[in-house]
Student: 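Dumping the structure here so I can ask a few things about it.
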Amino acid sequence: AQKVTQAQTEISVVEKEDVTLDCVYETRDTTYYLFWYKQPPSGELVFLIRRNSFDEQNEISGRYSWNFQKSTSSFNFTITASQVVDSAVYFCALSLNSGYSTLTFGKGTMLLVSP
Amino acid sequence: DTAVSQTPKYLVTQMGNDKSIKCEQNLGHDTMYWYKQDSKKFLKIMFSYNNKELIINETVPNRFSPKSPDKAHLNLHINSLELGDSAVYFCASRGQGPAEAFFGQGTRLTVV
């Protein structure tokens, strides 16, 4: 069975600080997919990124960047120059390659960015 | 046009009542899910449907009965509601392969 661990329950930073959210996963499958979702205070779940297990290239999208390392089974998420609007709960998730696989979520990291 | 829509957004009801939550997606996806988010924000899969067929039932009490009249709809009916059923319930849909899941806005169920 697969598992996703987000060890940081809550992180508080001041605006403009950089912050990294950790995600460690466990699976015996060689093909799998990793995701990050954002849940702002309004409650909806917003998709941020998908990564497959064969693509270890880091990705950058604006102030967001993701570091995928298979050697450590980690898929970490960094926000550069954080803003108050980044305050949310962030979830890392894992899905296997089978057609009916669900998304298994970590417990989430609450990020609070204060002005 | 909302991709995955759930109704109602809020539901307050007494213990012992029966209630339903409706979900519709207009993305043409074959797969739909129900997830439960507890008070600690943990998201746990309840059911997975593919093309109207139940694929996964994650040890959910049989008071919970999903129904999929067609592949665009997945409704959740809950009988004999209990205090512990209070949570936010999310419907989601997903395309084929390694696609991301799209979530509805959630239904906050409060049992009093």
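Letters A, B, ... mirror the listed sequences (proteins, then strands); counts begin at 1.
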Student: Treating A/Tyr37 as the side-chain partner and B/Ala101 as the backbone partner, does any N or O pair qualify as donor plus acceptor under 3.5 Å?
Tutor: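 Checking the backbone N and O of B/Ala101 against the side chain of A/Tyr37, a donor-acceptor pair under 3.5 Å is found.
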
Student: Same cluster or not: B/Phe47 versus A/Leu96, using hydrophobic residues (I, L, V, M, F, W, Y) connected whenever any side-chain heavy atoms lie under 4.5 Å apart?
Tutor: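 No, because B/Phe47 and A/Leu96 fall into different hydrophobic clusters, even though each may have its own neighbours under 4.5 Å.
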
Student: Please look at B/Glu100 and chain A and tell me whether the side chain, the backbone, both or neither of the residue comes under 4.5 angstrom of a heavy atom of that chain.
Tutor: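 For B/Glu100, the contact with chain A is made by backbone and side chain together.
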
Student: Considering all heavy atoms of both residues, which atom of A/Lys107 and which atom of B/Phe42 are nearest to each other, and what is their separation?
Tutor: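 What the structure gives for the nearest pair is CG-CD1, 3.8 Å.
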
Student: Mind checking whether B/Ile56 and B/Leu74 sit in one hydrophobic cluster, side chains of I, L, V, M, F, W, Y counted as touching below 4.5 Å?
Tutor: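 No, no single cluster joins them.
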
Student: For A/Tyr32, is it the side chain, the backbone, both, or neither that has a heavy atom closer than 4.5 Å to a heavy atom of chain B?
Tutor: neither

Student: Apply the test ring-ring contact (aromatic ring centres under 6.0 Å, His included) to residues A/Phe105 and B/Tyr35: give CA-CA distance (whole Å), side-chain angles for both, the deciding distance (0.1 Å), then the verdict.
Tutor: CA-CA 10 Å; A/Phe105 284 86; B/Tyr35 277 85; 5.5 Å; yes

Student: Taking it one step at a time, do A/Thr104 and B/Ile45 satisfy side chain to side chain contact (heavy atoms under 4.5 Å, CB included)?
Tutor: CA-CA 8 Å; A/Thr104 298; B/Ile45 184 71; over 6 Å; no

Student: List, by chain and then residue number, the residues other than A/Val85 in its hydrophobic cluster (Ile/Leu/Val/Met/Phe/Trp/Tyr, side-chain heavy atoms under 4.5 Å); write none if there are no others.
Tutor: none

Student: If we count only N and O atoms by modelled type, under 3.5 Å, do the side chains of B/Arg94 and A/Ser95 hold a donor and an acceptor together?
Tutor: yes

Student: With sequence neighbours left out, write down each residue that passes side-chain contact (heavy atoms from CB on, under 4.5 Å) with B/Val88, or none if nothing qualifies.
Tutor: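 Partners of B/Val88 by the side-chain contact (heavy atoms from CB on, under 4.5 Å) criterion, ordered by chain and then number, come out as B/Gln37, B/Phe90, B/Arg108.
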
Student: With rounding to the nearest 0.5 Å, note down the distance linking CD1 in B/Ile55 to OG in A/Ser101.
Tutor: 12.0 Å

Student: Look at the side-chain heavy atoms of Ile, Leu, Val, Met, Phe, Trp and Tyr, link any pair under 4.5 Å apart, and say whether B/Tyr33 and A/Phe35 land in one connected group.
Tutor: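 Yes: a chain of side-chain contacts under 4.5 Å links B/Tyr33 to A/Phe35.
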
Student: Do B/Met46 and A/Phe91 sit in the same hydrophobic cluster, where Ile, Leu, Val, Met, Phe, Trp and Tyr count as joined when their side-chain heavy atoms come under 4.5 Å apart?
Tutor: no

Student: Between chain A and each of B/Ala99, B/Gly104, B/Ala92, B/Gly106, count heavy-atom pairs under 4.5 Å; write down the option with the most.
Tutor: B/Ala99

Student: Report yes or no: do B/Val4 and A/Leu103 belong to one cluster of Ile/Leu/Val/Met/Phe/Trp/Tyr joined by side chain heavy-atom distances under 4.5 Å?
Tutor: no

